[in-house]
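Here's the structure, in structure tokens; my notes come after.
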There are 2 protein chains.
Amino acid sequence: MTVTGHLDAIDWRILRTLQENGRITNVELAEKVGLSPPPCLRRVRALEEAGYISGYRAMLNAEKLGFEVMVFAMVGLKSQAESELTQFIARVKAWPMVRECYAVSGEADFMLKCVGPNLHAMQDFIIKDLTAAANVDSVKTTLILRQEKYEPGIPIT
Amino acid sequence: MTVTGHLDAIDWRILRTLQENGRITNVELAEKVGLSPPPCLRRVRALEEAGYISGYRAMLNAEKLGFEVMVFAMVGLKSQAESELTQFIARVKAWPMVRECYAVSGEADFMLKCVGPNLHAMQDFIIKDLTAAANVDSVKTTLILRQEKYEPGIPIT
DNA sequence: CGCATCCTTGAAATAATATTGCTATAGTCC
DNA sequence: GGACTATAGCAATATTATTTCAAGGATGCG
């Protein structure tokens, strides 16, 4: 698939497998997708180079590690002018407790997923940082009670 | 930290590093956290065993791979009886397009993050599967226009 | 205060894996 | 059909993972 830019069945199998287990060895991956290790590794590298694979992450158990509170925050801005948006996004990127941020349609402008050690820290962040930030008009939070499914990524059949 | 259950500074460095780069070699990881490879690997294994690390995943570029539509769906159920909840969750787990599901406080009962190739497929899923599912009372969707930040996991300083 | 115990580290050796170089083969386009 | 391109796989090498084991440091108790 190097230059052509088209993914074949083996590429998709590689992607699916790596999405499920990002630390599988190349030997095992090769076996699963039906190749010998060298061409398999070459494909993985090509997929990385081409940006189909953007990185690898360990999934950590937030609760066990003392991060017990997660909320969704829907944020409305006062001004949606280009420069204001950019500034808000920059702020969001600088807040460690905000792990994900999406521009959304509908009533709010942004949907944030925030993670913190406890309710107090979360409240502190929402009131003192988020709500108080320049250009923030409204913040509506939804507390996450439990994670029922977590398979981030894409549905590869 | 094996049996004591207490994480020291090195364990935290390991977790932070692996959250950022899940495919780093043990040699490199060891160097970063200030250990030689053998004890470093032992700690990683211990962290996995103890469930602090629950897995590794490749992050795929959804857009490049043809999954261009993501929505949040807030779902309200008619009945929140234990068995009904369980059934709904089982259904959610079986839908590939639902990648994440959270029980939430507030107006809705569940927040779903759904991923699909296009608006049509998403509409199809929402109308024919989600809204039509037994015990589903209300579905309110929010289209994701753009991903501005994506650092899933926890804020390890 | 000193000794025994427990835990963890790191050096060395070994096993496994990743990676490179090269040749062969299959598919494609004149 | 013949030349070209792309990709597979074998073989060799480099790198990494993993095991084994002896030594060092902390802790608790006599």
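Within every chain, numbering begins at 1; the chains are lettered A, B, ... in the order of the sequence lines, protein sequences first and strands thereafter.
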**Request:** For the helix from C/dC1-D/dG30 to C/dC30-D/dG1, figure out the bend between the end axes, five pairs an end, and round to 10 degrees.
**Result:** 30°
**Prompt:** Given atom CZ of A/R43 and atom C1' of D/dG9, what is their separation to the nearest angstrom?
**Reply:** 13 Å
**Prompt:** Cluster question for you: counting only ILVMFWY and a side-chain heavy-atom cut-off of under 4.5 Å, with indirect links fine, are A/L119 and A/L130 together?
**Reply:** yes
**Message:** From CG of B/L29 over to C1' of D/dT16, roughly how many Å is that when rounded to an integer?
**Reply:** 13 Å
**Request:** Measure from CD on B/E31 to C1' on C/dT9 and round the result to the nearest Å.
**Result:** 17 Å
**Prompt:** Expressed in angstrom and rounded to an integer, what is the separation of A/E28 atom CD from C/dA16 atom C1'?
**Reply:** 12 Å
**Request:** Please report, rounded to the nearest Å, how far the C1' atom of C/dT8 is from the NE2 atom of B/H6.
**Result:** 17 Å
Nucleotide N/O of nucleotides 19-22 of chain C paired with protein N/O under 3.5 Å:
{"residue": "C/dT19", "atom": "OP1", "partner": "A/R45", "partner atom": "NH2", "Å": "3.2"}
{"residue": "C/dT19", "atom": "OP2", "partner": "A/R45", "partner atom": "NH2", "Å": "2.3"}

**Asked** When we call it a touch if two heavy atoms are under 4.0 Å apart, what does B/T25 touch: a base, just sugar-phosphate, or nothing?
**Response** sugar-phosphate
**Asked** Could you state the CG-P distance from B/D8 to C/dC7, rounded to the nearest angstrom?
**Response** 15 Å
**Request:** State whether the side chain of B/D11 and the backbone N or O of B/R43 hold a donor-acceptor pair below 3.5 Å, judged by distance alone.
**Result:** no
**Complete:** Rounded to whole Å, the CG-P distance (B/L47 to C/dT8) equals 12 Å
**Asked** Take atom NZ in B/K64; do more than 12 heavy atoms of anything else shown fall under 6.0 Å from it?
**Response** yes
**Prompt:** Would you say the side-chain atoms of B/T131 pair up with the backbone N or O of B/I126, donor to acceptor, closer than 3.5 Å?
**Reply:** yes
**Request:** Kindly assign one of parallel, tilted or perpendicular to the pair A/F110 and A/F88, based on the angle between their ring planes and the thresholds 30° and 60°.
**Result:** tilted
**Message:** Check this for me: A/E63, atom CD, are more than 12 non-hydrogen atoms of other residues, nucleotides or ligands nearer than 6.0 Å?
**Reply:** no
**Request:** Count the heavy atoms belonging to other residues, nucleotides or ligands that lie under 6.0 Å from CD of A/E31, then report whether that count exceeds 12.
**Result:** no
**Request:** Could you check how far CZ of B/R23 sits from P of D/dT16, rounded to whole Å?
**Result:** 14 Å
**Asked** Got a sec, which pairs hit ring pair (Phe, Tyr, Trp, His ring centres under 6.0 Å) with one end in residues 112-157 of chain A, sequence neighbours left out?
**Response** A/W95-A/F125
**Prompt:** In this structure, are over 12 heavy atoms from other groups packed under 6.0 Å from A/K149 atom NZ?
**Reply:** yes
